[in-house]
Trainee: 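Take this structure first; my questions come after.
The sequence lines fix the lettering, A, B, ..., with proteins before strands; numbering per chain opens at 1.
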Amino acid sequence: MTVETVWFVLCGFMLAAYVVLDGFDFGVGILHLVVARTDDERRCLLRSIGPVWDGNEVWLLAAGGSLFLAFPRLLATSFSGFYLPLIMVVWLLLFRALGIEMRHQIDNVLWKRFWDVAFSGASFLLAVFFGAALGNVIRGVSMGADGRFFAPLWTNFLVGDQTGILDWYTVLVGLAATTALAVHGGLWIVWRTDADLRQRAAQAVRFAWPLALFLGLLTMAATLWVQPQVLRNVSSYPWGALFPLAGFGALAYARWALGRGAFRPAFFGSTGYLVGMLASAAFGVYPMVLPARDAALSLTVTNASGDAHGLEVALWWWVPGLCLALSYFWFLYTRMPATFSASDEDAH
Amino acid sequence: MDALVIHRLQFAFTAGYHYLYPQLTMGLALLIVIFKSLALFRDDEVAGQCARFWIKIFGVNFVMGVVTGIPMEFQFGTNWARFSEAAGGVIGQTLAMEGMFAFFLESAFLYLLLFQEERLGPRGHWGAAVAVFVGSWLSGYFIVCTNAFMQHPVGHAVDPDGTVRLVSLSAYLLNPWAWVEYTHTMIGSVVTASFVVCSVGSFYLLQSWHVEHARKFLRVAVPTGLIATVAVAFPTGDLQAKFVAEHQPVTFAAMEGLFDSAEGASIVLIGQPDMETLSLDNPVEVPKVLSFLTHRRWSSFIPGLKSFPQEDWPDNVPMLYYAYHIMVGLGTIFIAIMAVSAVLLAAGRLFASAWMLWILMLSLPFPYIANTAGWMTAELGRQPWLLHGIMRTADGSSINVSSGNVLFTLLGFMGLYAMLSVLFLLLASKVILAGPTPAEEAHA
């Protein structure tokens, strides 16, 4: 295994960690207005992610920074090529953060309603955007001969050679991601709250789950059609089929566990689904890191990576850094209350 | 408007705006540790209440820093793609380290610091304050290390295709420019925090509000302010200028307004640079002092701007000159303010000196201006280089991003940040007007 492939896996791991962790923050946001009806309930939902949302978001920055050092050409090409949606994502992250942190600062009905909508709306749009981003990476971009591209927000919504950010495929992936994260966030609420909140969240999950399953399967079928590399990889390495199998299995398990009242396993089931889907995507496009519609122009693990010495040396600090980071997460998550109740007094 | 100009404007605007928040975060993190240490180790109840008050301000300030900071990491790739592709293997190291080491630490303990004092107990809460302080100061180091590499590349090699690759991680991390820049920058942030704390304390004292707490604010922030305002000038500012003189002589000449080479060069106090005649209007100079400060010899030689090819000059000499002089001018005034305040404090007369309290109160915006001017000096001084001696700014931008698209995002940032300013001022004022006195006593 070359050091470039090691970093492909590590960056994949960090992105997966981001999706799993900030994913439930987005999911809580998506369901926020629907599941939480009273002021106490809304405060409760925000408290349930309060201690961890910022740390969860840091995985995006850690992944971005690592992408920078390991695959500078990928970072430069994709970030400038996806310029508009990326900046919009940054703006949405701003609104989402404010939505969480501003709400409790002033005790006024209009203030709180505004930030509730900001939090929920931003979370929903972020799920759609990130899903569409993944779709763009899988589908491939209209790379120019000079190794650069610039994706307009849309072209003709067809998956052809002139691609835009939004076409039927990336919108599909965006919707699949949103329903998946709604399930994920819903299962977090079911696990970590009680009473009416838990009940309504369970209802929301029962509603969203078949949608997530259907859209997930549809996306998988569409992916096989849109990105030929996936089938090639599965034929050469049949064990790769385990990723989507395990993913959908985990999604099924999550629904079953919910029905049995096993809330923590249910949440880990939806975690398994997200990881399975992301691993499938990574496996499907490997060794490309940014496919191009003209396959010869694709960015790969080899042509987009940084110098080997830098990659090797970075492992020496990255591994201890990861251990430290995991210890903070363990410390924080184990100190959190087991249950957040809307009827908690002395809660901010 | 040329796309390059808008790329530069956007980075300058978003970075400059962002830094308004971390400079308070980092300096205040230290002051909070001081208040909490007094509370824990000297059983100082009032200091504990002061800590609680400043933690509230810290919380609002921190979230603004986070939301304005995220665009910065992305902006290397989005707006400076050619630079990122060439240098990512090196600067990606510290940008990734910042996420791994600093951000995880800060974010993990911030919530505990803001909301879990009771559950943690005094020692645990003190620990959380220390963790946030360490996290934020680590963050500063990684960013400064990245900038220091751009100013003074070390530990690298340049391939024939223009790729800059890492040769020695330790050389990169221990770049001497980074040490100097870091200490200077961090002490600059302590200057900001000290003045902010003094300003709020003076605001209270002048109206006889929260008198006990206000006095505590001043008793902590005047000594830290005195140490910081002196140290930011000497030795750190002095060292930084010496580094510039040695490794970036063009920049040095430009920022000092030295057009003509001289032995025994004068230091310019005031004077407007005229780029047509390449001279200063109505200069007030002190002979030989620049040579002495730079080389410790009254008659040492300092090359002037005219002795370098014009294509290597910073592209905005007057802006650089003013940024530098504003920073140094304010820095000198800060030392005077803190020195007089310290003398009055030691003599037990500060709290009754209305005129001094007025000065402290009104000083609040000026450290922000000085810190911003300092960063402008560094980055305008770096021009025309993006990576000094290796890549010019004009060759580093994302050429696939047209001017229309950058202008769209620049306007978007400006609008959003205007909104953030209003929110921040609203919430900070609310905390300040509520004051540090615990509710039960306030109503007594």
Trainee: Are the side chains of I87(A) and F408(B) in contact, using a 4.5 Å heavy-atom criterion?
Mentor: no

Trainee: What part of F149(A) gets closer than 4.5 Å to chain B, counting heavy atoms only: side chain, backbone, both or neither?
Mentor: backbone

Trainee: As an exercise: rank A108(B), P71(B), G92(B) by heavy-atom pairs under 4.5 Å with chain A and give me the winner.
Mentor: G92(B)

Trainee: Using heavy-atom distances under 4.5 Å, tell me whether F62(B) contacts chain A through its side chain, its backbone, both, or neither.
Mentor: side chain

Trainee: Enter the distance from I399(B):CD1 to F150(A):CZ here, rounded to the nearest 0.5 Å.
Mentor: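 Spacing of CD1 (I399(B)) from CZ (F150(A)) equals 13.0 Å.
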
Trainee: Less than 4.5 Å apart, side chain to side chain, heavy atoms only: is that true for Y417(B) and L94(A)?
Mentor: yes

Trainee: So do the side chains of L427(B) and M102(A) get within less than 4.5 Å of each other, counting heavy atoms only?
Mentor: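 A side-chain contact under 4.5 Å exists here.
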
Trainee: Do F76(B) and F79(A) come close enough that some side-chain heavy atom pair is under 4.5 Å?
Mentor: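 Heavy-atom side-chain distance check fails, nothing below 4.5 Å.
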
Trainee: Could you check if a side-chain atom of Q93(B) sits within less than 4.5 angstrom of a side-chain atom of V313(A), using non-hydrogen atoms only?
Mentor: yes

Trainee: Can you name the closest pair of heavy atoms from G321(A) and M100(B) and give their distance?
Mentor: C-CE, 3.9 Å

Trainee: I'd like to know if the side chain of R335(A) and the backbone of L112(B) have a donor-acceptor N/O pair within less than 3.5 Å.
Mentor: no

Trainee: At a 4.5 Å cut-off on heavy atoms, which part of Q105(A) comes close to chain B: side chain, backbone, both, or neither?
Mentor: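 The answer is both parts of Q105(A).
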
Trainee: Looking at every heavy atom in both V67(B) and A97(A), which two are closest together, and how far apart are they?
Mentor: CG1-CB, 3.4 Å

Trainee: With only heavy atoms counted, which part of L324(A) is less than 4.5 Å from chain B, the side chain, the backbone, both or neither?
Mentor: side chain

Trainee: Are any of the side-chain heavy atoms of L166(B) and L69(A) separated by less than 4.5 Å?
Mentor: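 L166(B) vs L69(A): side chains apart.
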
Trainee: Counting only non-hydrogen atoms closer than 4.5 Å, does L322(A) touch chain B with its backbone (N, CA, C, O), its side chain (CB onward), both, or neither?
Mentor: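 Both parts, backbone and side chain.
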
Trainee: Kindly give the heavy-atom pair with the smallest separation between S66(A) and A96(B), and that separation in Å.
Mentor: N-CB, 3.7 Å

Trainee: How long is the gap from CG on L67(A) to OG on S84(B), to the nearest 0.5 Å?
Mentor: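 Taking CG in L67(A) and OG in S84(B), the distance rounds to 11.5 Å.
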
Trainee: For Y83(A), which of N400(B), N79(B), T78(B) qualifies under side chain to side chain donor-acceptor pair (under 3.5 Å)?
Mentor: N79(B)

Trainee: Can you tell me which portion of W316(A) sits under 4.5 Å from chain B's heavy atoms? Options are side chain, backbone, both or neither.
Mentor: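 Looking at W316(A), nothing touches chain B.
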
Trainee: Under a 4.5 Å heavy-atom cutoff, which of T409(B), L95(B), T94(B) has the most pairs with chain A?
Mentor: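 Most pairs with chain A among the choices: T409(B).
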
Trainee: Do you know the tightest heavy-atom contact between E57(A) and I70(B)?
Mentor: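 Smallest interatomic distance, heavy atoms only, reads OE1-CD1, 3.1 Å.
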
Trainee: Could you look at V90(A) and say if it's the side chain, the backbone, both or neither that has a heavy atom under 4.5 Å from chain B?
Mentor: side chain

Trainee: Which bit of F329(A) is near chain B, if near means a heavy-atom gap under 4.5 Å: side chain, backbone, both or neither?
Mentor: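 Just the side chain, heavy atoms under 4.5 Å.
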
Trainee: Less than 4.5 Å to any heavy atom of chain A: does that hold for the side chain of M97(B), its backbone, both, or neither?
Mentor: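 Looking at M97(B), backbone and side chain both touch chain A.
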
Trainee: Looking at every non-hydrogen atom in both residues, tell me the closest pair between F104(B) and A325(A) and how far apart they are.
Mentor: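 The pair with the smallest heavy-atom distance is CD1-CB, 3.4 Å.
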
Trainee: I want to check something: taking the side chain as every heavy atom from C-beta on, are F95(A) and L416(B) in contact at a cut-off of under 4.5 Å?
Mentor: yes

Trainee: Does a side-chain heavy-atom distance below 4.5 Å link M419(B) with L98(A)?
Mentor: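 In short, these two side chains touch, coming nearer than 4.5 Å.
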
Trainee: Locate the shortest heavy-atom distance separating V401(B) from S80(A); write the atom from each residue and the value.
Mentor: CG2-O, 3.6 Å

